[in-house]
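Here is the structure we will look at.
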Amino acid sequence: MPVWLTEREYLVLRAACAQMMPSDQGAPGAEEAGVADYIDTLLGAFTFDPPRIWAGGPTSGRKGGEAGFINFHSLSTLDELAWRMRIEGSLGLPERGFNGPVVGLQEKYRQGLAALGADFAEVDGAEQERRLRADEGFCDLLYGHCCEGMYGAPEYGGNRDGIGWAYIGRDGDVQPRGYSDEDVSGP
Amino acid sequence: MTDAIIIGSGPGGSTAAEVLTRAGWSVVIMEKGRNHLLDPSDLTKPASDYSNDEIKFMVRHFLGPDPLIEPRAFRRSADEGEHTHVGEVNSIPTTVGGGGTHADGKVPRFREEDFRLLSTYGPQEDAHVADWPLTYDELEPFYTEVEKAIGVSGRAGANPFAAWRSGPYPMPPGAPMYGAVLSAAAAERVGLHPYEAPTAANSIAYDGRPACNNCGFCAFYGCPIHAKGDPVALLTKTMATGRAELMAETYVSRIRIEGRRATGVDYIGPDGVERSMDAGVVIVAGGAIETPRLLLQSGLEHPALGRHLMVHFQTIMVGHFKDLRLHPHKGRSVTHVHDDAMIQDDRARAAAAEANLPWIRGGLVEHAGGGFPIGEARHLPWGRAHAPAMRDAQMSEHMWVFIMQGEDLPYPTNAVDLSPSIRDARGFPVARITYKPGRHELAASKHHGGILQSVLEEMGADWTIHTSSPGVPEFGDRASRIPESRHVIGTARMGDDPATSVVDRWSRVHTLDNLVIADSSVFVTSTGYGPTLTLVALAARAAHHLAGTAPG
């Protein structure tokens, strides 16, 4: 069940992410990594307490140490203002529109996914690509989030089990292990 | 009444706080950002909020400022109108610890001639080139004191051009990065003089903090194990004296001025309520953009205030090596640098003559690589080509980069003032930056970029690209027109003449008896070195002068 998107929007988003990062010739794609869940979690960050904005520290537990990333940071009043502006938009509220109206990510996704069409998940790949490329602004926004959901820390909802890092041969977070001096200085 | 209010908890403010509390002063440190540096239950110990997390630090503004809450306005010159961009511009963290938290800790000293630019080289058209009102020799004991306080690793004698020093570095250098081993060898073969970068990261356990374990999340990240000393070492010591109060999420809206005295500040705390506090001395350490912003907002007037903004015009020379895997994500971001681009030789003199300039100076050259996965992915196409391109890792494994922090001349037209229309979330006008490189910076980039290209070719590059930050048509216009340098310098210059300088030789505002600036605003010239160690040494010197104490 998606956190913030409707079931239909979620299906369209999954198909759009899979078009951007397909599973192909052994490479994991957006589908296996759960990239759409990363985006849905961001859009619905304020349905969690504390909000899913900043994962905790100092270690994830993947290379030793405690699993601290799952303890998301609480937000200050101003942090919450910033992230509500970014996610929900200014919504006509004077305390959010002090430099003019702000269009939030929720509205951008709601409109962008609607423009892809309710049948987006059912049409063929060539048609999906054509529809994605028709809106350059939304396409850039979506691709940036796909990159974060594929290669960011799994605690944010994507990169399931570190599958994105594993495919490209990166270790992700490495504290408290770090690297040896030989790792740093040798070929 | 507290002896001093210090505005800003970055390297400059922390240093002033440490020196003054050691001398028995009481201080209140007001920091508009949050505290993620010190343990909230015991401020004499570091916190555990930092992590190896690209989303948190590179995407979601964990260290601040959030550009929606406190944006900046930007234009290249006054003929572009009010501004051409609103958002992030030269953003140094707004958080307890300030810019020290995210820097990779390169802390070179300046050299003797850097304090005597006008006497050594002579004037430049359109720029206010000047000597500093102090010499390297006067600053040396303070350099020595602060290197010990923050913990600097390096090797005395490694840089043949370095100024004299009264003792060794507190720690030996850390492990050299593989790419830097190769680029340093190539640089030596073409006659340059690379050396181990003086770095405020522990190569051995030091002062109760552990040795760096090479995690690679250094530049732009807070250190999860606090192996970077600046400014955590200064702030934990300050808090341990029991004579300091740290007020985070506290925004100073105005310095109260009566006659020749700063009597205190108006501030807004985390509860949003505006209050006032009196102090014997007010020390401003907001950095070379926020400091002039606050002084202008407080009604201070001076023809040089906000002028001569310098940011280091960055020359970025990229080389591609198809057969090497350079793994720059392992290690301290930068382990080697060279000074040769600041040294005058026949080729530099010829390049200056060709550009119809009396002289040109480049800057410190960092031997670097880079590329975290999200950052690299954004440069790649989507679709079926994406995964193979990521696995290929052309950017993060096969590129090596020279970044020259080129000396900006002090032009009065490059400046910080108050935006006429853009506000921060608390309702105050934000800083507007007006900046573009001049003929000197472009000529230096062209000349030294050519030399750096030859080093990459000697190292075996199959292709190279010369680019810059900010992007300019001369070098392909590839990068953003908004400068990305975090070295902000020179908007309240120091001097003996109150008509042409904002502060005196002790960093005190000429027209006020008790208002001191403790950041790189006071620099007269930018040199080609990162400003941190010098601003920290100047802050220590100013604080010792206030307290009547000597460094040591």
Side-chain angles (χ1 to χ4, degrees), chain A residues 19-22 24-25 27-29 53-60 68-69 73 76-79 81-83 85-86 95 98-99 102 129 132 139 143-144 146-148 150-153 155-156 164-165 167-187, chain B residues 34 36 47-56 59-62 66 68-69 71 86 174-178 181 212-217 222 224-225 249 270 272 324-325 327 329-332 335 372-378 382-384 386-388 390-391 393 396 421-425 427:
Chain A
Q19 183 62 223
M20 291 204 149
M21 295 185 174
D24 194 29
Q25 298 177 342
I53 301 296
W54 294 314
T59 53
S60 69
F69 281 28
H73 288 278
S76 72
T77 308
L78 279 182
D79 295 336
L81 175 64
W83 283 95
M85 283 169 70
R86 184 167 285 118
E95 66 271 25
F98 50 90
N99 283 319
V102 179
E129 183 175 342
L132 277 168
C139 204
Y143 180 60
C146 283
C147 295
E148 294 164 23
M150 194 75 192
Y151 307 109
E155 286 77 3
Y156 293 95
W165 290 334
Y167 180 70
I168 62 173
R170 290 286 287 262
D171 295 328
D173 56 280
V174 295
Q175 289 291 0
R177 186 202 74 190
Y179 293 106
S180 70
D181 286 359
E182 292 71 28
D183 284 337
V184 171
S185 303
Chain B
R34 281 185 72 179
H36 293 298
S48 50
D49 289 2
Y50 300 151
S51 48
N52 292 173
D53 183 340
E54 190 178 3
I55 287 178
K56 184 171 157 183
V59 180
R60 297 194 182 175
H61 315 287
F62 180 66
D66 191 303
L68 290 176
I69 294 299
V86 174
M177 292 162 73
Y178 175 56
V181 171
C212 166
N213 65 3
N214 302 311
C215 79
F217 290 78
I225 62 171
E249 299 171 59
L324 293 174
R325 285 187 78 85
H327 59 74
H329 56 281
K330 299 173 184 173
R332 292 164 173 72
T335 57
F372 287 95
I374 296 170
E376 177 158 22
R378 283 181 171 163
W382 54 269
R384 296 183 72 167
H386 175 82
M390 276 303 287
R391 197 170 166 108
S396 55
S421 63
I422 306 299
R423 296 289 177 269
D424 65 23

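A, B, ... follow the sequence lines: proteins, then strands. Residue 1 opens every chain. Computed from a predicted model, the values in this text were never measured in an experiment.
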With sequence neighbours excluded, what pairs up with A/Phe98 under the ring-ring contact (aromatic ring centres under 6.0 Å, His included) test?
none
Most heavy-atom pairs under 4.5 Å with chain A, out of B/Gly272, B/Ala47, B/Ala377, belong to B/Ala377
Does any backbone or side-chain atom of A/Asp183 lie under 4.5 Å from a heavy atom of chain B? Answer side chain, backbone, both or neither.
both
Ranked by heavy-atom pairs below 4.5 Å to chain A, first place among B/Glu54, B/Glu249, B/His61 goes to B/His61
Between A/Arg86 and chain B, which part of the residue has a heavy atom less than 4.5 Å away: side chain, backbone, both or neither?
both
Among A/Gly29, A/Gly164, A/Ser76, A/Gly56, the residue with the most heavy-atom pairs under 4.5 Å to chain B is A/Ser76
Decide yes or no for B/Asp53 and A/Trp54: does some side-chain heavy atom of the first lie under 4.5 Å from some side-chain heavy atom of the second?
no
Contact origin within B/Asp66 toward chain A - heavy atom pairs under 4.5 Å:
side chain
Using only atom types and a distance under 3.5 Å, with no angle test, would you say the side chain of B/Arg384 pairs donor to acceptor with the backbone of A/Pro22?
no
Atom group of B/Ala425 that falls short of 4.5 Å from chain A, counting heavy atoms
both
The interface call for B/Thr335 against chain A, heavy-atom contacts under 4.5 Å, is neither
Okay, A/Asn99 and chain B: the region with an atom under 4.5 Å from a heavy atom over there is side chain
Chain B interface, residue from A/Gly57, A/Ser185, A/Ala55 that has the most non-hydrogen pairs under 4.5 Å
A/Ser185
So what's closer than 4.5 Å to chain A heavy atoms on B/Phe217: side chain, backbone, both or neither?
side chain
Chain A contact via B/Arg34 - which portion, at a heavy-atom distance below 4.5 Å
side chain
